[in-house]
Amino acid sequence: MKARSLKWAVPVRLTILGSGSAGNCAYLETEETRLLIDAGFSGRQIRQRLASIGRTPESLHGILITHEHSDHIQGLTSLCTHQQVPIYCNRLTKEAVAAQLEAKFDCRLFSTGATIELGDVEVDTFSVPHDAYDPVGFLLRTASGNIGFLTDLGHATKLVIQRVRAANVLLLEANHDLKLLQEDTHRPWSIKQRILSRHGHLSNDAAAEAAEQIVSAELRSLYLGHLSRDCNRPALAHRAVSERLQDIGAHHVRVESTSQDTPCPTLTL
Ligand SMILES: [Zn+2]
Ligand SMILES: [Zn+2]
């Protein structure tokens, strides 16, 4: 008698492996597809963090890249030296990555604004205002829900808000507390100006404002990411955003601050 193959449905799982001004990387797993979203830690760090959830870089089907800043790509060379894992990015990002990193990558290009299919995941790509060549945000559509990535955002444009409104889970930048940034003595004024500009990074208050505009009845989980180590505190970011959501009656959204150093507990959608 022929053995019947039993197929168990694999739940969709998201693990923010780390997020902050010095590194960003997330791991998504569905029935058919295993992806990294950005690779902004060393290859060794990414391998260790994947190992902490029982996964390896060898099983990846691809790496999605938002833009070429080192806190999003520094692990690429090491991850792609031993294996040819495809990298998904737009042309200007590919050129900017190639100018920084020596290795040869298997780049699969998309046009910003296009939707690409990676196994059972559909990835909407859209432009974000940030000081890189062609930075993008993503909305990953899976059978169990949609996950938005908005890690580096100078300001929340109408386009951005509209593209992520369908998210059930969202990683949203809450980079700095305005007062801590203004009082910071390590950063020269020019850098502060860059961070505060419309192509820099979202403050906690700006993140709260964006969250208010994005929130829908379907948004369940909001991760606050890309926190500056010197100019922010997880509690400040959390308070700014969760108070705003409480004020508008959005009690159904779970808000969680991410960390640079440790992965968040895995979320099953
Ligand atoms: Zn950036
Ligand atoms: Zn960044």
In the structure I gave you, are the side-chain heavy atoms of L269 and R220 within less than 4.5 Å of one another anywhere?
yes
With a cut-off of 6.0 Å (strictly less than), are more than 12 heavy atoms of other residues, nucleotides or ligands near NE2 of H251?
yes
For E68 and A132, indicate whether the former's side chain and the latter's backbone hold a donor-acceptor pair under 3.5 Å.
no
With a 3.5 Å distance limit and no angle check, can you tell me whether H69 reaches the backbone of D131 through a side-chain donor-acceptor pair?
yes
Answer whether the closest heavy-atom distance between the side chains of I214 and L222 falls below 4.5 Å.
no
Do you know the tightest heavy-atom contact between S42 and Q74?
N-CG, 4.3 Å
Restricting to non-hydrogen atoms, name the atom on A156 and the atom on L202 that form the minimum distance, rounded to 0.1 Å.
N-CD2, 4.4 Å
Mind checking the SG-CG spacing from C25 to L17? Nearest 0.5 Å is all I need.
4.5 Å
What is the distance from atom CD1 of I63 to atom CD1 of I46, rounded to the nearest 0.5 Å?
7.0 Å
Can you tell if the side chain of V123 reaches within under 4.5 Å of the side chain of Y88, non-hydrogen atoms only?
no
Enter the distance from I53:CD1 to Y27:OH here, rounded to the nearest 0.5 Å.
6.0 Å
To check you understand the geometry: which heavy-atom pair defines the closest contact between A22 and D71, and what is its length?
C-CB, 3.7 Å
Closest contact, heavy atoms only, G145 versus N168
CA-OD1, 3.2 Å
Tell me whether the count of non-hydrogen atoms from other residues, nucleotides or ligands lying under 6.0 Å of CZ in R91 goes above 12.
no
Looking only at side-chain N and O atoms, does N24 offer a donor or acceptor that is under 3.5 Å from a partner on T151?
no
Distance-minimising heavy-atom pair for V160 and P129:
CG2-CD, 4.3 Å
Examine distances only and state if a side-chain atom of T77 and a backbone atom of L101 form a donor-acceptor pair shorter than 3.5 Å.
no
Is V215 linked to L150 within one hydrophobic cluster, defined over Ile, Leu, Val, Met, Phe, Trp and Tyr using a side-chain heavy-atom separation of less than 4.5 Å?
yes
I'd like to check the salt bridge (charged side-chain N to carboxylate O under 4.0 Å, His left out) partners of E117; sequence neighbours left out, ordered by chain and number.
none
Knowing that exactly one of Q83, E29, R34 qualifies, which makes a side-chain hydrogen bond (donor to acceptor under 3.5 Å, both in side chains) with S59?
R34
Do NZ/NE/NH1/NH2 and the carboxylate oxygens of E218 and R165 come within less than 4.0 Å?
no
So if you build clusters from Ile, Leu, Val, Met, Phe, Trp, Tyr with side-chain heavy-atom gaps below 4.5 Å, do L267 and L50 land together?
no
Are L140 and I116 connected, step by step, through hydrophobic side chains (Ile, Leu, Val, Met, Phe, Trp, Tyr) whose heavy atoms are closer than 4.5 Å?
yes
Check for a donor-acceptor pair, side chain of K192 on one end and backbone N or O of L181 on the other, with a separation under 3.5 Å.
yes
Spacing of NE2 belonging to H61 relative to CG belonging to L118, to within rounding of 0.5 Å:
10.0 Å
Rounded distance [0.5 Å steps], SG in C89 versus NE2 in H67
12.5 Å
Nearest heavy atoms of A167 and G148, plus distance in Å:
CB-N, 4.1 Å
Can a salt bridge be assigned to the pair R229 and D261 using a cut-off of 4.0 Å between side-chain N and carboxylate O?
yes
Other hydrophobic cluster members with Y133, side-chain heavy atoms of Ile/Leu/Val/Met/Phe/Trp/Tyr under 4.5 Å, chained?
L92
Quick check: is L236 connected to L172 through a chain of hydrophobic side chains (ILVMFWY, heavy atoms under 4.5 Å apart)?
no
Is the shortest heavy-atom distance from the side chain of T125 to the side chain of F138 under 4.5 Å?
yes
Can you establish whether the number of heavy atoms outside R198 located under 6.0 Å from its atom CZ is more than 12?
no
Side chains of P135 and D152, heavy atoms from C-beta outward: is any pair under 4.5 Å?
no
Would you say the side chain of S19 lies within less than 4.5 Å of the side chain of Y223, judging by non-hydrogen atoms?
no
Using only atom types and a distance under 3.5 Å, with no angle test, would you say the side chain of H130 pairs donor to acceptor with the backbone of G154?
no
Using a strict 4.0 Å threshold on nitrogen-to-oxygen distance, state whether R141 and D124 make a salt bridge.
yes
Report yes if some heavy atom in the side chain of L180 is under 4.5 Å from a heavy atom in the side chain of R233; otherwise report no.
yes
D134 versus T93, side-chain donor and acceptor atoms under 3.5 Å
no
Determine whether S21 and H226 make a side-chain contact, defined as any pair of heavy atoms from C-beta on separated by less than 4.5 Å.
yes
According to a 4.5 Å side-chain heavy-atom criterion applied to Ile, Leu, Val, Met, Phe, Trp and Tyr, with indirect links allowed, do V121 and V169 form part of one hydrophobic cluster?
yes
Could you verify whether a donor N or O on one side chain and an acceptor N or O on the other, from H72 and D38, lie under 3.5 Å apart?
yes
Can you tell me if S257 uses its side chain to pair, donor with acceptor, with the backbone of P234 under 3.5 Å?
yes
Centroid-centroid under 6.0 Å between H176 and H201 rings
no
Can you establish whether the number of heavy atoms outside Q84 located under 6.0 Å from its atom CD is more than 12?
yes
Could you state the interatomic distance from NZ (K104) to CD (E102), rounded to the nearest 0.5 Å?
10.5 Å
Under the 3.5 angstrom rule, does the side chain of D177 hit a backbone N or O of N232 as a donor-acceptor pair?
no
Can you name the one residue among L64, L14, L36 that meets side chain to side chain contact (heavy atoms under 4.5 Å, CB included) with L28?
L14
Determine, for R47 against E58, whether the closest basic-nitrogen to carboxylate-oxygen distance falls under 4.0 angstrom.
yes
